[in-house]
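Structure, as structure tokens:
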Amino acid sequence: DAGVIQSPRHEVTEMGQEVTLRCKPISGHDYLFWYRQTMMRGLELLIYFNNNVPIDDSGMPEDRFSAKMPNASFSTLKIQPSEPRDSAVYFCASSLAGLYEQYFGPGTRLTVT
Amino acid sequence: TQLLEQSPQFLSIQEGENLTVYCNSSSVFSSLQWYRQEPGEGPVLLVTVVTGGEVKKLKRLTFQFGDARKDSSLHITAAQPGDTGLYLCAGGESQFYFGTGTSLTVIP
């Protein structure tokens, strides 16, 4: 079975541009998570969905960040406008067991110049 | 302030040595998980501990959950270069937290 799929794997953009990160969870998993990882702050949970409904978005840093899950097999994380401090690796993960036993994708390395 | 503090932050050892890494919190967790992350990849779940005092073994890795469910440890016996990576503990109820991580390098 395919694991969690993320695209793009690398994204370089200029400050002020809109960035959209994409995720396809493992088929059948009803929880989807978005994380951000930086050297300074480690791995932080941004938002998670259950059955396509956002459950907790308290980790979303500010209004420039938004996430959607229009169906069970697709989710997006959008940053508009992007800033250099948004540079990080963004991970998507999915789970059958809620917060436990999460399966992570390979991540998207975002660089904002 | 990090909810889950891990120590040491960095560890470099020779192949064949034993090591222990720690995950500590001032909060009680109903369970804790351990993940390993290799460079350029996402974290991979190793184990979940759910009962205070529980010990779980995964080949050369031994995981222990503290009696008070506020801390956990990971012991690796006879470390191998393939054990190199970032070890993360994680837990939470309505919110989920990852620890600060221990970066392990095993030198052949």
Side-chain angles (χ1 to χ4, degrees), chain A residues 2-10 21-26 29 31-50 53-61 77 88-111, chain B residues 1-11 21-25 27-51 54 56 58 63 65 69 72 74 85-105:
Chain A
V4 175
I5 299 173
Q6 292 188 245
S7 64
R9 291 295 311 274
H10 301 272
L21 311 181
R22 297 172 175 81
C23 175
K24 177 179 171 56
I26 294 173
H29 283 192
Y31 282 82
L32 183 139
F33 308 83
W34 282 101
Y35 288 88
R36 178 174 66 178
Q37 187 174 38
T38 62
M39 288 294 293
M40 289 295 294
R41 300 177 66 89
L43 193 60
E44 302 173 284
L45 177 61
L46 300 178
I47 184 171
Y48 73 93
F49 296 82
N50 178 216
V53 176
I55 302 301
D56 184 353
D57 65 354
S58 60
M60 296 286 263
L77 178 67
V89 181
Y90 291 81
F91 288 101
C92 175
S94 69
S95 168
L96 263 178
L99 295 172
Y100 311 114
E101 299 185 17
Q102 297 178 39
Y103 293 81
F104 282 76
T108 295
R109 180 173 294 277
L110 172 66
T111 303
Chain B
T1 302
Q2 291 281 356
L3 199 62
L4 289 166
E5 294 283 348
Q6 292 186 241
S7 61
Q9 186 177 0
F10 298 97
L11 188 56
V21 299
Y22 301 92
C23 172
N24 293 290
S25 177
S27 301
V28 175
F29 286 84
S30 60
S31 67
L32 280 177
Q33 300 168 49
W34 284 92
Y35 287 79
R36 179 171 66 209
Q37 183 179 18
E38 298 186 17
E41 300 182 7
V44 175
L45 179 67
L46 297 174
V47 77
T48 301
V49 286
V50 296
T51 305
E54 179 179 8
K56 279 191 174 180
L58 186 66
F63 303 85
F65 200 12
R69 291 185 287 123
S72 182
L74 159 59
L86 179 66
Y87 288 81
L88 296 159
C89 61
E93 310 303 326
S94 57
Q95 292 184 327
F96 198 71
Y97 303 95
F98 274 83
T100 50
T102 293
S103 179
L104 171 66
T105 301

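To find a chain, count down the sequence lines: A is the first, B the second, and so on, and within it residues start at 1. Computation of the quantities below employed the complete heavy-atom set of this structure, encompassing side-chain atoms and omitting hydrogens, waters and symmetry-equivalent molecules.
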With a 4.5 angstrom heavy-atom cut-off, which part of B:Ser30 approaches chain A: side chain, backbone, both or neither? side chain
Can you tell which part of B:Glu41 gets under 4.5 Å to a heavy atom of chain A, answering side chain, backbone, both or neither? backbone
Is it the backbone or the side chain of [X] that comes under 4.5 Å from a heavy atom of chain B, or both, or neither?
| X | value |
| --- | --- |
| A:Tyr48 | side chain |
| A:Arg109 | neither |
| A:Tyr100 | both |

Is it true that B:Tyr97 and B:Gln95 share a donor-acceptor pair across their side chains at a distance under 3.5 Å? yes
Ignoring hydrogens and geometry beyond distance, is a side-chain donor-acceptor pair present between A:Tyr35 and A:Gln37 at under 3.5 Å? no
Please say which of B:Tyr35, B:Trp34, B:Tyr87 ends up in a ring pair (Phe, Tyr, Trp, His ring centres under 6.0 Å) with B:Phe98. B:Tyr35
Quick one: closest heavy-atom pair of A:Phe49 and A:Ile55, and the distance? C-CG1, 4.2 Å
Any idea which heavy atoms bring A:Ile26 and A:Ser94 closest together, and the distance? N-OG, 3.3 Å
